[in-house]
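The sequence lines fix the lettering, A, B, ..., with proteins before strands; numbering per chain opens at 1. Remember, it's a predicted structure, so these values are computed and weren't measured experimentally.
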There are 2 protein chains.
Amino acid sequence: MNRTTQVAASLSEEEARLPASERAYRQLKQLILDNEIPAGSQMLELEAAARLGMSRTPVREAMVRLEQEGMVELRSRHGMRVLPISPDALAEIYEILTALEGAAAEAAARKGADDSQLADLQHAVDDMEVALASDDLIRWSRADARFHRLLVELAGNRRLAALVEQVSDQAHRARLTTLRMRPKPVGSNRDHAALVQAIRDRDPQRARDIHEQHRRRAAQMLVSLVRDFGLKQL
Amino acid sequence: MNRTTQVAASLSEEEARLPASERAYRQLKQLILDNEIPAGSQMLELEAAARLGMSRTPVREAMVRLEQEGMVELRSRHGMRVLPISPDALAEIYEILTALEGAAAEAAARKGADDSQLADLQHAVDDMEVALASDDLIRWSRADARFHRLLVELAGNRRLAALVEQVSDQAHRARLTTLRMRPKPVGSNRDHAALVQAIRDRDPQRARDIHEQHRRRAAQMLVSLVRDFGLKQL
DNA sequence: GGATGCGTTTATGCATACATTAATTGATGC
DNA sequence: GCATCAATTAATGTATGCATAAACGCATCC
């Protein structure tokens, strides 16, 4: 097959020279996160290979990585199956996120942040405020994601950051779907502002308490939302 | 090549009929955990394939999984490199373990355990006592591992359990090496007994506090031990 | 009409072939 | 003697070939 065949999305120059297996991994993951391969649906190795313009080998490698991350399930003869997120699964994921990000908040407050880092955090909070005022949910969720990422980076634990990203990705589609169903995240913003203050004050215990409460509330809201809407899988 | 060639460790009947990629994954991981492939050492795909009596394909798949787990690093042209555990890495790993297992202890106390489960936990504690009294460090560490595994299972969160195992494996070699260097784990046993009581009493907050303190102390001890002995990598 | 069994198809799992590229070695020039 | 550059080697990354085994369809039988 012609090496330059491009069936899938066009690639930036930079992406084009990445190893095919890495491209396969990123593109498949993106397709899943964007809900373009819906939960529960299956995709054969050969299908994916054709779609991405490469052979089965790098595609298989990508699928193995995605399985290891908990995004898909590999069933022999049926290719990969995008794992649906049940309400119970969502509860499990948020229980883990609460623990990990709570530890991150504590560590961030213990280590302290410099002015530039605090400004970044504050900027994300402000961004959320603005988005909320203008009913821009997409912008709000982007700023929220940025806030959480910055927070976790402040903890200065690379393994922790990688784990949080991995687990958080598993809940991505659920957040996406419920974004328009949930009440306006007003309380969320208050929590974030209070957390920034706790980090500024170098108060690890308070930082952790605030963030854990924040995550727990978000989890309860999300899970009951999903349950009440009868969404068996996302 | 003859399909039955067996260069590596002999396999049980059961293991023999597992997919080659699964065998490769388990055997390579075991070799790493047992320190038979020392930290920092490299192994080419072809070497591993010859050693395991299979082709590069399943070996490569196994290596990808091990990399995703943080056990090895894949460097093009140099095969896989067993990641050494620096004191800083150990601190990172224990920070994560503390958070995850703390959450597990809390959940276990919240959900409660039935008599059989409590008995299993208690039995592990007793086992540690006996092992300690007879200076049997191997037995002690086995019982300790069992206790932690039971505890995490009690939380009833499969994703959490899988993550804890993955992260805990990363610290395995460090525990192994320091087992004979550390002071006798007397306090450890007291912590465990107190934790069982907290679960019995259905006191989530206390369970979590006890276990987090336990892990934090263990972490401090391990990290400073490793640092003081000048062990740059394990 | 439905179930059962056989032959065919198909996707995988692994082995192998091939192209690519980094490392190494050796030769040559200074 | 040392540095530079080309040629060779070696290991990967990807594609392809092939055996296996599961799923499917179809025909036959009850």
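To the nearest 0.5 Å, atom CD1 of residue B:I32 and atom CD of residue B:E69 are 9.0 Å apart.
For DNA chain D, the neighbouring residues in residues 55-62 of chain A, judged by any heavy atom under 4.0 Å, are A:S55, A:R56, A:T57, A:P58.
A search for side-chain contact (heavy atoms from CB on, under 4.5 Å) contacts involving A:A89 returns A:I85, A:S86, B:R159, not counting sequence neighbours. With sequence neighbours excluded, the residues satisfying side-chain contact (heavy atoms from CB on, under 4.5 Å) with A:A107 are A:R110, A:A155, B:E95. Considering only residues two or more places apart in sequence or on other chains, B:R208 meets the side-chain contact (heavy atoms from CB on, under 4.5 Å) condition with A:R208, A:E212, A:R216, B:E106, B:E212.
The CG atom of B:L44 sits 17 Å away from the P atom of C:dA22 (whole-angstrom rounding). Counting to the nearest Å, the C1' atom of D:dT12 and the CE atom of B:M43 are 17 Å from each other. For the pair B:L46 CG and C:dA15 P, the computed distance is 12 Å after rounding to whole Å. Protein atom CD of A:E45 is 15 Å distant from nucleotide atom C1' of D:dG17, rounded to whole Å. B:R17 has its CZ atom 18 Å from the P atom of C:dG13, to the nearest Å. Taking atom NE2 on A:H78 and atom P on C:dT12, their separation rounds to 9 Å, with Å as the unit. With rounding to whole Å, A:M54 atom CE is found 17 Å from C:dA19 atom C1'. One interatomic measurement links the two molecules: CG of B:L52 to P of C:dC14, which rounds to 12 Å at whole-angstrom precision.
A salt bridge links B:E22 and B:R65; the closest N-O separation between the charged side-chain nitrogens and carboxylate oxygens is under 4.0 Å.
Proximity of a side-chain donor or acceptor of A:Q117 to a complementary backbone N or O of A:D114 within less than 3.5 Å is detected.
For the residue pair A:A39 and A:R173, the shortest heavy atom distance occurs at CB-NH1, 3.2 Å. Among all heavy-atom pairs drawn from A:V59 and A:A48, the shortest one is CG1-CB, 3.7 Å.
Phosphate proximity of D:dA22 to A:S76: absent, as no side-chain N or O sits under 4.0 Å from OP1 or OP2.
In terms of polar N and O atoms assigned as donor or acceptor, the side chain of A:R77 never comes within less than 3.5 Å of the base of D:dA23 in a complementary pairing.
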Taking distance alone, no hydrogens or angles, what donor-acceptor pairs closer than 3.5 Å link side-chain atoms of residues 76-83 of chain A to residues at least two apart or in another chain?
{"unit_1": "A:H78", "atom_1": "ND1", "unit_2": "A:S76", "atom_2": "O", "d": "3.3"}
{"unit_1": "A:R81", "atom_1": "NH1", "unit_2": "A:E73", "atom_2": "OE1", "d": "2.8"}

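Comparing the end axes of the helix from C:dG1-D:dC30 to C:dC30-D:dG1, each fitted to five base pairs by superposing C1' atoms of four pairs onto the next four, gives an inter-axis angle of 0° (nearest 10 degrees).
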